[in-house]
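As the structure is a prediction and not an experimental result, all values here were calculated from the model. Numbered from 1 within each chain, the chains take letters A, B, ... in sequence-line order.
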Amino acid sequence: MSAKYKEYQHLNLPAIGEDVLSKWNENQTFEKSIAVRDGAPSFVFYEGPPSANGMPGIHHVISRTLKDLVCRYKTMKGFQVKRKAGWDTHGLPIELGVEKELGITKEDIGKKITVEEYNRKCREAVMRYKDKWDSITKKMGYWVDLNDPYITFDNQYIETLWYLLGELYKKDLLYQSVSIQPYSPAAGTGLSSHELNQPGTYKNVKDTSAVVMFKVVQNEKAQFLFDSLKAQSIQDELFFMAWTTTPWTLPSNLGLTVGPNIDYVAIHTFNPYTGIPIVVILAKNLVSKYFKAENENIDFSTYKEGDKVIPWKVVASFKGSQLADCRYEQLLPFEANTPEIAGGDPFRVIIGDFVTTEDGTGIVHTAPAFGADDYKVGKKFNIGILTLVDREGKFIDGTGEFSGRYVKNYKDDPDYVDVNVDICVKLKKENRAFKIEKYEHNYPHCWRTDKPILYYPLDAWFIKTTALRDQMVALNKEINWKPKSTGDGRFGNWLENMVDWNLSRSRFWGTPLPIWITEDGTEQKCIQTIPQLREEIKKASHLNTQKTLDTVENNIDLHKPYVDDIILMSSKGEPMKRVPDLIDVWFDSGAMPYAQWGLDHEKLAAGDPKPFNAPFDTNYPADFICEGVDQTRGWFYTLHAISSLLYGSVAFKNVISNGLVLDKNGNKMSKRLGNVIDPFKTLDEYGADATRWYLITNAAPWDNLKFDLAGIKEVQRKFFGTLYNTYQFFALYANVDGFKFEEAYIPLKDRPEIDRWIISSLNSLVKKVNELMDDYEPTQAGRAIEEFVDEHLSNWYVRLCRRRFWKGEYEHDKICAYQTLYECLETVLRLTAPISPFFSDALFSNLNEVSKRHEAASIHHVLFPVADESVIDASLEERMQMAQDISSLVLSLRKKVNIKVRQPLQKVLIPVLTQDMKTQIGKIEDLILSEVNVKELQYLTEDNGFIKKRIKPNFIALGKKLGAKMKAVAADLGSFTQEQISLLEKEGQISLFIDNEPLILMINEVEITSEDIPGWMVANKDALTVALDITVTPELINEGNARELVNRIQKIRKDNGYELTDRIEVKVEANDLLATSIEDYKAYICAEVLADQLELIPELSDGTEIEVNDISLKVFVTKKA
RNA sequence: AGAUCCGUAGCUCAGCCUGGUUAGAGCACUACACUGAUAAUGUAGGGGUCACCAGUUCAAAUCUGGUCGGGUCUACCA
């Protein structure tokens, strides 16, 4: 039996997808795609683990399409691409979800519910939507190994994290320190940034703000200030002015921060509260905020205390950098805030980039304990730290009259007296306040207690990323970022301004920090492996319960609360408890290159610096990763940090950061707005191929995508519809003729020009697609394929070649046509396979099952096409483009005068400006003539005077030479006569007078085009001009009628449901108007409609009434038995 | 607040790196045509102050600076 190419009824992409999917499942096509590359070089891909705690959305489909297409492409390029799936299972979103479900808060954990029970709930919740995820993964055609995923809550995984943390610890890159975190004294707990971002936490409140004065100490650094005062005979006290909205932080002040490039001035004036003459320093830009312009330089001697008009005068100006290290007197000294207690070298002016001149005075009161910036800059300049407020939010003992007072009304005390006001009153009395006022600003509040938070130093563990910043920056330069700007800008910038990584989280469900510590904090142990833990606990068995000992020995779970029960022993025999912190979940995912394979204890024992299970060695670093751009400072960063810190290597070599998926109006998709796209519905309705193709080709991956279902429909119809039609066309005729690609491959030189052309274009496309895919530009690649399929293959090659497939015998030309079209289809399918894996596999299999050209069972096992440069013929492609343009021009002319294409016309005129152009068109003459149904093509050369020419400057060439004279020359050329143009053409140059200066213009400095042929219908595009002879002679009408008749008979054949190959007999009712036509073209008509007989009958009783160019007549068609 | 991306036809996008005188496609709309690929296709038409302002230049959608609008990340600070 003879194999046939499968023909379809309709294009049903979802059905094709399902069909292919079940074949993949049956035949283990994915597994085989990896197996067939055994021994080949590996291409390493890392899967960023999603959390199965939420439903997959359409935005997951885009990044997974990108991941998948790169992996499929690389597989087709001959690499082995292993793809281990992963699940991110720890973290706050899961905990919050569980809390919500149980109706509890963080404080209830350990009280209303045990930590054990709570974590069990988290563990259950985390895989809640795993089924949905697995389902979308399969449906969308994302090939990833779901059978053996890495899971971040697995003991093996956590153990590897512990090992890595231990390595950091050994390198002194893991340390404990305080960090300034949002803290709620009312609730007695630190708040995560996530909690701070709850709606409604930021409120507008009115606080007492103060501009206070810090007295400058006269010493070497400040001498220049005093000198300039002395020069002006000013002997009054000199102050720095600083502003604060939290006066309660003033006793903890240890520094004043100025901007190095900000301009400051010293102003001689009077304190508005005390009337004492003073000199104050503040930013020049902010002077007007405190001093009225009309009072500048007025007479000081008339001023009395209490006057509204306060004179002032600028007495010095300087840059902030000049103030560095000037000292000042402590503002509010008490027993508890001496320099000794503060540590460091306080009460100095220091330099900070964060200082602005938008608020305040341009000098920032710096209390390191109560602000992140303050802490950072304070640490940098070693000004010490004072925490004069306790965790309940009240002043500690030793702060004078303020001791024991709450800095805000945290207890809802009706008799609360604002300590901030009292501080300000004190400062006023001491001539240390310049301006006290209520100030309204946005301040964060605790979302549970509604009380203002404060920033408070809390203990935390850090990774010292800053120690290796330079290396991280240098390694980043090795990474190929798509788009580049994300790497240079967003990521590069982030690295430059990096701070140490705060690992600590005070939560319950996560990776515990494996550090045990004695009560006095003098001894620490960092545990790296489970065996090590077992060993250590054995030494401390007397400190632990039997239950704990059993658990550790038999079935340890490296989570809370079990690890917290474990007590180790110090060298001095003291008990050691684990620090209560969990680590940032980002460490979990950033460590996946190592932890996904787990720890190899044998390698570890042998001292291998990278003791991870196989196939780690061949799977690090990654060649490619891809995630949303929101991961830049998330996963991308943590991967990079851990890899740089521990192994001095990049973790990934190429990265695509894709943009967001927005709704069709450009809004973020959110459940609240109800504009989320259900990916399941989309895939079911339109199929994965169209969805994937749309996602990839509609916008560059890193641009935000405005997702519109109408766009998928368009892709479905426009691209897949066209490709499908082309395939159907091929299958239809190939089945009729029994073409199975059995004949030897016909050398291109023996094929017609149009075949050579499409093969040339095809190879140009292959070349381009390879380059673009190698450059991680799938959007460009997809668009190039679209253009080829639509413009070249379908709209030109197939359209022009249709007759070759259904006319004539099965011999040389026909086989050429089949071979050519087959090659195009097969190659295009292979090019599209990474993007649209189902459709391409289906059609490829249809082709291959008949031709058996490839041994592979799936398109995803064959190799990606490689361009054969020897068949690319640029000049052929150029002239075919010309043929398309000329045909389009002729057709547009026909349209203008309403002469249908079926009506033959006599001739076309084309002015040719060069010999080369004439040669080129000559080669495609026949093609054009048959396409536009014209009998002959005449060339007009320049010397016949027929053509009207147009001249314009070649701006690129002339620009450099002429510069400003360009406009004048352009105007001059615009008024050139035909004679001048031909003179220039003949001589090769012409002299002009521009602005009364002579100028020689060369022929290559202008562009001459033909524009018009007097007396003809013309049309032009760029340098091409086409004229059409629209005279319709009686002979031409006869021929047109004959063609029209053929067309009508064909329609009848089709209506009657005849097979393509059926022979017929035709009887036509005699008609004077058509008699000559039918007689003259009888042979032609018969050949076209496969008629063995064509008779003219005077009267026809039966038959179909038809119209041929407004002539009515009857035709009777019968099938020959 | 900082960083970054984006802003071109009603819609989705090219073009911008490397400045050049008619700013392109597709969709949608309108009209006409084609009819053995036919739930396809072709041709033509309308539709743009290339977000705005300034600068550089003979010449700016394109280069520079700024403004506005949208997105994202980071931060929240006297």
Are A:Trp796 and A:Phe788 near enough that their ring centres are under 6.0 Å apart?
no

Taking only side-chain nitrogens and oxygens of A:Asn698, does any of them come within less than 4.0 Å of OP1 or OP2 of B:C13?
yes

Atom CH2 of A:Trp481 and atom P of B:U4: how far apart are they, to the nearest Å?
15 Å

Report the base-pairing partner of B:A61 (Watson-Crick or G-U wobble, both distances below 3.5 angstrom), or none.
none

With sugar-phosphate meaning primed atoms plus P, OP1 and OP2, does A:Asn1047 contact a base, only sugar-phosphate, or nothing at under 4.0 Å between heavy atoms?
sugar-phosphate

Pick base, sugar-phosphate or nothing for A:Gln1050, based on heavy-atom distances below 4.0 Å to the nucleic acid.
base

Here's a test of your reading of the structure: between A:Ala700 and A:Tyr797, which maps to the more 5' nucleotide of RNA chain B?
A:Ala700

Using atom P of each nucleotide, how far apart are B:C17 and B:U21 to the nearest Å?
13 Å

Classify A:Ala699 by what it touches in the nucleic acid, base, sugar-phosphate, or nothing, heavy-atom distance under 4.0 Å.
sugar-phosphate

A:Phe370 and A:Tyr456 aromatic ring geometry - parallel, tilted or perpendicular at 30°/60° bounds:
tilted

At under 4.0 Å, does any side-chain N or O of A:Asn795 touch on OP1 or OP2 of B:U41?
no

In this structure, how many angstroms lie between the C1' atom of B:C76 and the NZ atom of A:Lys376, rounded?
11 Å

Once the angle between the rings of A:Phe730 and A:Tyr727 is folded into 0 to 90°, is it parallel (under 30°), tilted (30 to 60°) or perpendicular (over 60°)?
tilted

Using a cut-off of strictly less than 4.0 Å, decide whether A:Arg783 has a side-chain nitrogen or oxygen near OP1 or OP2 of B:U12.
no

Could you work out the separation of B:C13 and B:U8 based on their C1' atoms and round it to a whole Å?
10 Å

Nucleotide opposite B:A3 in a Watson-Crick or G-U pair, distances under 3.5 Å:
B:U72

Need one value for A:Lys718: base, sugar-phosphate or nothing, where a base atom within 4.0 Å counts as base even if backbone is also close, heavy atoms only.
sugar-phosphate

Watson-Crick or G-U wobble partner for B:C27, using a 3.5 Å limit on both distances?
B:G10

Taking the same atom, P, in B:C29 and in B:A40, what whole-Å distance lies between them?
13 Å

Work out how far the C1' atom of B:A61 is from that of B:G48, and round it to whole angstrom.
11 Å

Does one side chain, of A:Trp693 or A:Gln716, offer a donor that lies under 3.5 Å from an acceptor on the other?
no

Write down the distance separating the P atoms in B:C6 and B:G45, rounded off to the nearest Å.
33 Å

When you compare B:C73 with B:U22, how far apart are their C1' atoms, in angstrom units rounded to a whole number?
43 Å

Under 3.5 Å, is there a donor-acceptor pair linking the side chains of A:Ser252 and A:Thr249?
no

Can you check whether A:Phe955 stacks with the B:U21 base, using ring centres under 5.5 Å and planes within 30°?
yes

Of A:Asp374 and A:Arg802, whose closest RNA chain B nucleotide lies nearer the 5' terminus?
A:Arg802

Between B:A14 and B:C50, how many Å separate the two C1' atoms, rounded to a whole number?
13 Å

Report the relative orientation of the aromatic rings in A:Tyr328 and A:Phe214; use parallel for angles under 30°, tilted for 30 to 60°, perpendicular for over 60°.
perpendicular

Per A:Val798 side chain, nearest of listed nucleotides B:C27, B:A39, B:A37
B:A37

Applying the 3.5 Å cut-off to both distances, the Watson-Crick or G-U partner of B:G48 turns out to be none

Between the base of B:A40 and the side chain of A:Ser794, is there a donor-acceptor distance below 3.5 Å?
no

Looking only at side-chain N and O atoms, does A:Asn735 offer a donor or acceptor that is under 3.5 Å from a partner on A:Glu7?
yes

Whole-Å P distance, B:A23 and B:U38
40 Å

Please classify the nucleic acid contact of A:Tyr733 as base, sugar-phosphate, or nothing, using heavy-atom distances under 4.0 Å.
sugar-phosphate

By the Watson-Crick or G-U definition, both distances under 3.5 Å, B:G42 is matched with B:C32

